[in-house]
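Since this is a predicted model, take the numbers as computed values, not measurements. Chain identifiers are assigned alphabetically (A, B, ...) following the order of the sequence lines, protein sequences preceding nucleic acid strands; residue numbering begins at 1 within each chain.
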Protein chains: 2
Amino acid sequence: MADKQYRIGEFSKLVGLSTYTLRYYEDQGLIVSQRDENGVRYYTENDIRWVGFILHLKGTGLRLNDLKRYVRLRAEGDRTIPERRDMLQKTKDDAEADIAELQMHLKVLSRKIDWYDGKVDHTIDDSESFHDYLQQFNDK
Amino acid sequence: MADKQYRIGEFSKLVGLSTYTLRYYEDQGLIVSQRDENGVRYYTENDIRWVGFILHLKGTGLRLNDLKRYVRLRAEGDRTIPERRDMLQKTKDDAEADIAELQMHLKVLSRKIDWYDGKVDHTIDDSESFHDYLQQFNDK
DNA sequence: TCTTGACTTAAAGTGTACTCGAAGGTGTTC
DNA sequence: GAACACCTTCGAGTACACTTTAAGTCAAGA
């Protein structure tokens with residue numbers, strides 16, 4: 001693994017974020033870049049991994065503010081590990097709840113599609129399934 | 001099932017949308033309300049089902065604009081059924097893709113939590129899994 | 001009678017996360 | 001020497017979906 005360095009343009013293509021966004025994230029403290037003797041940003045493989053990781057977190061629903069908090073904690077060292085772990089656990093739990101909810105919505109959607117396909121009794125109204133829906137929430 | 005009527009305040013609690021939002025949705029053409037002799041909105045069980053249904057759609061990722069389109073098509077009658085069906089199918093496909101992506105992110109998160117718990121070799125860096133991540137996208 | 005809750009229009013505000021452009025500058029490459 | 005990619009600050013713009021306020025009216029219930 002050569003320690004290749006990337007300037008912002010190339011890096012932006014690698015991680016799929018615009019140069020605008022990269023500078024914005026840096027402003028926000030989510031990313032740190034190194035500079036060459038002219039003040040030009042450069043990034044390494046390590047930065048690719050780091051951006052990848054924060055994009056995973058973001059992809060599970062973390063807001064930029066939460067992300068900032070995570071980064072701050074990380075900077076504080078190992079004593080914040082429990083807190084970081086808990087943050088991730090909560091994020092995970094939330095995301096799993098989101099998936100469950102999404103799947104519930106999908107079930108209704110599927111039934112509706114079947115209805116359109118005539119696989120279901122057409123006398124049932126457009127919005128037949130709301131009661132099932134409420135049921136699902138009742139035991140939360 | 002009595003044909004109970006609900007005014008906006010009660011209805012808002014039933015469906016979990018603020019009165020502001022209900023009026024807003026009505027402005028946008030997503031909901032229709034009836035009025036009593038004083039011009040006061042009232043809603044019925046049927047409206048509960050309808051709002052439930054659009055919230056399902058919304059929950060799977062449909063934007064208000066898409067929702068509006070669906071409602072417009074619905075108002076045009078049965079000849080738009082194929083188009084509505086396809087809309088729902090696409091929504092369903094998109095949502096399923098979202099779930100798949102979310103689950104991928106979750107996998108990384110879980111691994112990271114394990115790492116915090118010491119279940120994984122601690123010499124591996126914070127952001128170890130970005131390469132796996134990129135792999136997942138490569139065959140899309 | 002007073003409070004509560006409803007009504008109207010129209011405009012402004014909120015939060016999130018970018019996204020872009022202006023204006024002026026530096027260094028590298030063809 | 002021109003083109004290009006980068007740098008800076010800073011403010012404005014965009015999209016989405018509400019959310020709130022203002023200012024005034026109306027009607028039923030305690």
Going by side chain to side chain contact (heavy atoms under 4.5 Å, CB included), S18(B) matches just one of L22(B), V15(B), T21(B). Which one?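 It is T21(B); the other options fail the test.
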In whole Å, what is the span from the [atom1] atom of [X] to the [atom2] atom of [N]?
| X | N | atom1 | atom2 | answer |
| --- | --- | --- | --- | --- |
| Y43(A) | dA5(D) | OH | C1' | 13 Å |
| Y42(A) | dC7(D) | OH | P | 13 Å |
| Y24(B) | dT14(C) | OH | C1' | 13 Å |
| L30(B) | dC16(D) | CG | P | 14 Å |
| Q5(A) | dA5(D) | CD | C1' | 17 Å |
| Q28(B) | dT9(C) | CD | P | 13 Å |
| K68(B) | dC18(D) | NZ | P | 11 Å |
| Y20(A) | dA12(D) | OH | C1' | 13 Å |

Treating T44(A) as the side-chain partner and Q5(A) as the backbone partner, does any N or O pair qualify as donor plus acceptor under 3.5 Å?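 No.
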Using modelled atom types and a 3.5 Å cut-off, is there a donor and acceptor pairing between side-chain atoms of D66(B) and backbone atoms of R63(B)?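 Checked: pair present.
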Measuring to OP1 and OP2 of [N], would you say a side-chain N or O of [X] lies under 4.0 angstrom away?
| X | N | answer |
| --- | --- | --- |
| T21(B) | dT19(D) | yes |
| K13(A) | dA5(D) | no |
| R41(A) | dC6(D) | no |
| R63(B) | dC16(D) | yes |
| T19(A) | dC6(D) | no |

Would you indicate which nucleotide in [options] comes nearest to any side-chain atom of [X]?
| X | options | result |
| --- | --- | --- |
| I8(A) | dT19(C), dC7(D), dT19(D) | dC7(D) |
| R23(A) | dT8(D), dC18(D), dA6(C) | dT8(D) |
| N38(B) | dT19(D), dA6(C), dA28(D) | dA28(D) |
| R35(A) | dT19(D), dT8(D), dA17(C) | dT8(D) |
| V40(B) | dT8(D), dT19(C), dA6(C) | dA6(C) |

Does D27(B) or E10(B) map to a spot on DNA chain C nearer the 5' end, using the closest nucleotide for each?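 Closest to the 5' end, via its nearest nucleotide, is E10(B).
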Counting any heavy atom closer than 4.0 Å, what does Y25(B) reach on the DNA or RNA strands: base, sugar-phosphate only, or nothing?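 Sugar-phosphate only.
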Quick check on DNA chain D: between N65(B) and R7(B), whose nearest nucleotide comes earlier from the 5' end?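 Nearest nucleotide further toward 5': that of N65(B).
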Measure the shortest side-chain to side-chain distance between Q103(A) and I99(A) over non-hydrogen atoms and say whether it is less than 4.5 angstrom.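 Side-chain contact under 4.5 Å: yes.
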Electrostatic pair K90(B)-D94(B), nearest N-O below 4.0 angstrom: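 Answer for the salt bridge query: yes.
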State plainly whether one hydrophobic cluster holds both L64(A) and M87(A), where clusters connect Ile, Leu, Val, Met, Phe, Trp and Tyr through side-chain heavy atoms under 4.5 angstrom apart.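 Yes; tracing contacts between hydrophobic side chains, which count when under 4.5 Å, links both residues.
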